[in-house]
There are 2 protein chains.
Amino acid sequence: MDIRTLCLGLLTMGDASGYEIKKTFEEELSHFYEASYGSIYPALTKLTEEGLVSCREMAQEKRPDKKVYSITPMGRLAFMDALSKKPGRDRIRSDFLAILMFADLLPARQLSRLIDDRIDHYRERLAELDDCHASQEETPAHQFVTGYGRAVYQAAIDYLEDNRHVVEGEALLSRASAAG
Amino acid sequence: MDIRTLCLGLLTMGDASGYEIKKTFEEELSHFYEASYGSIYPALTKLTEEGLVSCREMAQEKRPDKKVYSITPMGRLAFMDALSKKPGRDRIRSDFLAILMFADLLPARQLSRLIDDRIDHYRERLAELDDCHASQEETPAHQFVTGYGRAVYQAAIDYLEDNRHVVEGEALLSRASAAG
DNA sequence: TCTCGCATGTAACGTGTTACATGATTCC
DNA sequence: GGAATCATGTAACACGTTACATGCGAGA
């Protein structure tokens with residue numbers, strides 16, 4: 001699913017401007033998708049050209065004008081069609097795990113630091129999901145996805161805490177054998 | 001971490017050809033990185049030009065010739081340097097979760113199918129990790145990363161099984177209210 | 001004054017994928 | 001005979017990011 005299709009999908013939930021769509025990406029979607037203005041604005045322009053969304057310009061007081069996009073009936077059809085395709089495989093690209101594959105090359109301190117940071121990072125992400133849960137009325141779908149994120153982050157934290165000794169112990173050992 | 005750097009890293013574990021590196025990506029790394037020939041071969045060419053790896057051509061009997069790459073001392077330094085940088089954030093792009101955000105737009109049957117397939121998919125991934133564990137002598141680093149994958153997949157499966165009713169129930173409900 | 005939030009957009013660039021081109025051998 | 005594995009490579013393309021360009025209003 002490309003950014004273009006996802007923008008279309010977000011518009012099924014209500015009209016929005018490019019700026020607001022970007023915020024949605026940063027908030028609700030940030031855990032499993034990313035998008036920058038450089039992809040969102042051109043996507044909206046193209047969707048408009050194709051007749052899948054319509055656009056009206058809104059003059060605002062004390063704010064810049066905004067362009068509010070609405071999905072069209074044709075757009076809804078197109079999105080339903082996209083939803084019916086079987087999903088592509090998740091694309092994951094984890095620097096953290098890539099680096100860990102070479103844990104034996106890292107100084108012990110650096111390795112511990114890396115894992116500490118990652119645990120902190122996941123805790124922050126968990127907190128974000130909890131905020132999200134607290135502040136907004138959520139659809140069951142949204143709740144489900146949020147819960148999924150929580151489950152995965154929690155599993156990651158637990159695993160790192162319970163098993164870090166496997167690599168950290170090794171680092172200590174090779175230091176010891178190098179020293180002695 | 002780009003593909004180029006990761007190729008360099010794999011060569012710290014032993015000499016290899018482009019073809020073999022591709023296989024490593026498909027096996028050990030497939031759970032958190034992907035790479036095609038179209039990125040691997042040019043990466044190796046560039047690394048060679050930069051003096052970070054060296055290359056010798058091996059004539060083989062009953063097999064095409066192969067080019068075996070070795071990391072150079074300069075290459076090792078460059079890789080250690082890359083490892084010392086703090087990791088970028090994980091890039092995740094999940095069609096599955098994106099579709100789930102719009103679960104209320106999906107027919108109940110399709111939604112159930114989607115979740116069934118995903119659970120199967122994770123079970124397969126788990127099995128791959130178990131094979132990996134069984135078949136190969138693994139470094140502690142490798143074990144650790146493999147275990148991480150297992151923990152996360154298992155958490156995902158458990159979550160989906162325990163909570164699918166949250167979205168599936170909703171689908172049934174909206175069907176019922178539409179019908180009655 | 002300076003930074004932050006609101007608001008839109010483009011051009012250059014990076015990075016990687018897909019599809020194509022080629023060809024021997026082995027297993028079913 | 002046909003598919004799979006081994007083996008390398010390129011060119012066209014897709015897709016998205018980064019950095020830049022612009023500008024007002026509010027609050028510290």
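Everything quoted here is computed from the prediction, not taken from an experiment. To find a chain, count down the sequence lines: A is the first, B the second, and so on, and within it residues start at 1.
In this structure, the CG atom of A/L6 is 14 Å from the C1' atom of D/dC15, given to the nearest Å. Taking atom CD1 on B/I3 and atom P on C/dG14, their separation rounds to 17 Å, with Å as the unit.
For B/K22 and D/dT8, the shortest distance from a side-chain N or O to OP1 or OP2 is not below 4.0 Å. OP1 or OP2 of D/dG9 has at least one side-chain nitrogen or oxygen of B/K67 nearer than 4.0 Å. Remark: A/Y19 is not in phosphate contact with C/dT8, judged by side-chain N or O atoms under 4.0 Å from OP1 or OP2.
Ring pair A/F32/B/F96: centre-to-centre distance not below 6.0 Å. Ring pair A/Y148/A/Y153: centre-to-centre distance not below 6.0 Å.
A/D95 places a side-chain N or O within donor-acceptor distance of the main-chain N or O of B/G88, the cut-off being under 3.5 Å.
Each end of the helix from C/dT1-D/dA28 to C/dC28-D/dG1 gets its own axis, taken as the rotation carrying the C1' atoms of four end pairs onto the next four within a five-pair window, and the two axes meet at 40° to the nearest 10 degrees.
Screening B/H121, B/R93, B/R118 against A/D90 for a side-chain hydrogen bond (donor to acceptor under 3.5 Å, both in side chains) leaves a single residue, B/R118.
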List the atom pairs, donor and acceptor, that lie under 3.5 Å between side-chain atoms in residues 2-11 of chain B and the rest of the protein, sequence neighbours left out.
unit_1: B/D2; atom_1: OD1; unit_2: B/T5; atom_2: N; d: 3.0
unit_1: B/D2; atom_1: OD1; unit_2: B/T5; atom_2: OG1; d: 2.7
unit_1: B/R4; atom_1: NH2; unit_2: B/E50; atom_2: OE1; d: 2.5

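In summary, B/K46 and B/E49 do not engage in a salt bridge, as defined by a charged side-chain N under 4.0 Å from a carboxylate O.
The nearest heavy atom of DNA chain D to B/G18 and to B/R93 marks one nucleotide each, and the one closer to the 5' end goes with B/G18.
DNA chain D lies under 4.0 Å from at least one heavy atom of each of the following residues of residues 32-55 of chain A: A/E34, A/A35, A/S36, A/G38, A/S39.
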